[in-house]
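Reckoned from all heavy atoms, side chains included, excluding hydrogens, waters and symmetry mates.
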Amino acid sequence: MGTITRNAANNFTTGGVILPAAINDASVASLTELENTATGGGAMTLISEQTASASASISFTTGIDSTYPIYKFECIAIHSSSSGQNFHLEGSTNGGSSYGITKTSTQFQAYHTEADTGNALQYSTAGDLAQSTDPIDIGRSINIDNDECLNAVIYIFNPSSTTFVKHFISTETENYTGTGILQNFTAGYFNTTSAINAFKFTFTGVTNLDSGTIKLYGISGS
């Protein structure tokens, strides 16, 4: 036991602060929660994940309730079945039986071409909504070369509230028309005081999610 105690003590400074070398992949036996520093919140817990395979849509209809004040989606390596389509997010107040909540949003974009022949930072009137039941454009004009995809992080705040509208923030990056990088920054709110308990991801029209993974996390309060 003395050896274990001495080894443990070597991981701290004389002031009792843990040393950086003490934290590594082998130092935690069973990790179930991850501290979330990006939003200033508490622990981030994986609720569920789904993998697309020529999927018309990906829906999350369970696990979204009052357990967490913040929910986070990670959209990883999403590939579309056809070019030039938009990647959509929708919410539901009845467990996914229907979608089309009224929304207001804002969006701006940054892009830069591989050949360094074009770049811009611009507001996207095509990507915003004004009291619309249309889906939210998380990504726009997706390209589909074999080595191209989109990735996005989306935060939903207090979706189970029956007092306030439901705010969201999204950051997405994609290969743009095969010649550069495009990043979309989108934010807004679902204009309902009913609890939102389901979300759905789609592409424009009949375009499928060919491949990719979407993960849903809950973030506890700080």
Side-chain angles (χ1 to χ4, degrees), residues 34 36-39 41 44-64 68 70-92 96 99 101 103 105-111 124 126-129 134-157 159 166-178 180-190 196-219:
L34 179 66
N36 175 54
T37 58
T39 61
M44 187 168 71
T45 302
L46 178 64
I47 297 172
S48 62
E49 66 177 272
Q50 298 189 49
T51 299
S53 180
S55 306
S57 64
I58 295 289
S59 298
F60 291 82
T61 59
T62 60
I64 302 166
Y68 300 100
I70 305 171
Y71 286 83
K72 175 187 177 184
F73 287 104
E74 293 180 351
C75 304
I76 304 166
I78 305 298
H79 194 266
S80 170
S81 66
S82 63
S83 186
Q85 308 306 312
N86 299 341
F87 187 53
H88 290 158
L89 172 66
E90 299 183 81
S92 171
Y99 291 88
I101 301 171
K103 298 167 286 293
S105 67
T106 185
Q107 183 180 85
F108 69 95
Q109 305 169 321
Y111 80 88
S124 173
D128 64 13
L129 299 173
D134 290 343
I136 301 161
D137 282 345
I138 298 301
R140 298 186 55 78
S141 299
I142 309 302
N143 207 56
I144 61 164
D145 288 354
N146 290 335
D147 63 344
E148 297 178 340
C149 64
L150 73 86
N151 294 274
V153 175
I154 305 160
Y155 292 96
I156 312 290
F157 298 91
K166 316 305 185 295
H167 289 252
F168 67 89
I169 298 172
S170 169
T171 303
E172 180 263 1
T173 183
E174 66 188 65
N175 298 96
Y176 181 56
T177 65
I181 184 70
L182 173 68
Q183 189 167 16
N184 288 291
F185 301 86
T186 311
Y189 55 88
F190 295 87
I196 297 178
N197 53 19
F199 292 92
K200 180 173 70 171
F201 294 88
T202 59
F203 275 111
T204 308
V206 296
T207 302
N208 288 334
L209 287 78
D210 257 1
S211 59
T213 299
I214 301 178
K215 296 185 178 185
L216 171 63
Y217 294 88
I219 301 176

State, yes or no, whether a side-chain contact exists between [X] and [Y] at a heavy-atom distance under 4.5 Å.
{"X": "His88", "Y": "Ile136", "result": "no"}
{"X": "Ile181", "Y": "Thr173", "result": "yes"}
{"X": "Asp137", "Y": "Thr186", "result": "no"}
{"X": "Tyr68", "Y": "Ile219", "result": "no"}
{"X": "Ile58", "Y": "Phe60", "result": "yes"}
{"X": "Lys103", "Y": "Phe190", "result": "yes"}
{"X": "Leu216", "Y": "Phe199", "result": "no"}

(message) Just to verify, what does Tyr217 make a ring-ring contact (aromatic ring centres under 6.0 Å, His included) with, not counting sequence neighbours?
(response) none
Report the distance from atom [atom1] of [X] to atom [atom2] of [Y], rounding to the nearest 0.5 Å.
{"X": "Glu174", "Y": "Ile142", "atom1": "CD", "atom2": "CD1", "answer": "3.5 Å"}
{"X": "Ile169", "Y": "Tyr155", "atom1": "CD1", "atom2": "OH", "answer": "9.0 Å"}
{"X": "Thr202", "Y": "Asn208", "atom1": "OG1", "atom2": "CG", "answer": "10.5 Å"}
{"X": "Leu129", "Y": "Tyr189", "atom1": "CG", "atom2": "OH", "answer": "11.0 Å"}
{"X": "Leu150", "Y": "Gln183", "atom1": "CG", "atom2": "CD", "answer": "12.0 Å"}
{"X": "Lys215", "Y": "Leu46", "atom1": "NZ", "atom2": "CG", "answer": "6.5 Å"}

(request) Give the C-alpha distance, both sets of side-chain angles, the deciding distance and a yes or no for side-chain contact (heavy atoms from CB on, under 4.5 Å) between Ile78 and Ile214. (result) CA-CA 8 Å; Ile78 305 298; Ile214 301 178; 3.9 Å; yes
For the side chain of [X] and the backbone of [Y], is there at least one donor-acceptor N/O pair under 3.5 Å apart?
{"X": "Asp128", "Y": "Ser105", "answer": "no"}
{"X": "Gln50", "Y": "Ser59", "answer": "yes"}
{"X": "Asp210", "Y": "Ala54", "answer": "no"}
{"X": "His79", "Y": "Ile144", "answer": "yes"}
{"X": "Arg140", "Y": "Asn184", "answer": "no"}
{"X": "Thr204", "Y": "Asn86", "answer": "yes"}
{"X": "Gln85", "Y": "Ser80", "answer": "no"}

Where [X] and [Y] come nearest, the two heavy atoms and their spacing:
{"X": "Asn143", "Y": "Asn175", "result": "CB-O, 3.7 Å"}
{"X": "Ala198", "Y": "Gly96", "result": "CB-N, 3.5 Å"}
{"X": "Tyr71", "Y": "Gly63", "result": "CE2-O, 3.3 Å"}
{"X": "Gly91", "Y": "Tyr99", "result": "O-CD2, 3.2 Å"}
{"X": "Ile154", "Y": "Ser170", "result": "CG1-OG, 3.7 Å"}
{"X": "Glu90", "Y": "Pro135", "result": "CG-CB, 3.4 Å"}

(message) Ring centres under 6.0 Å, that's the criterion: do Phe201 and Phe73 meet it?
(response) yes
(message) Can you list everything that forms a salt bridge (charged side-chain N to carboxylate O under 4.0 Å, His left out) with Glu74? Sequence neighbours excluded, please.
(response) Lys72
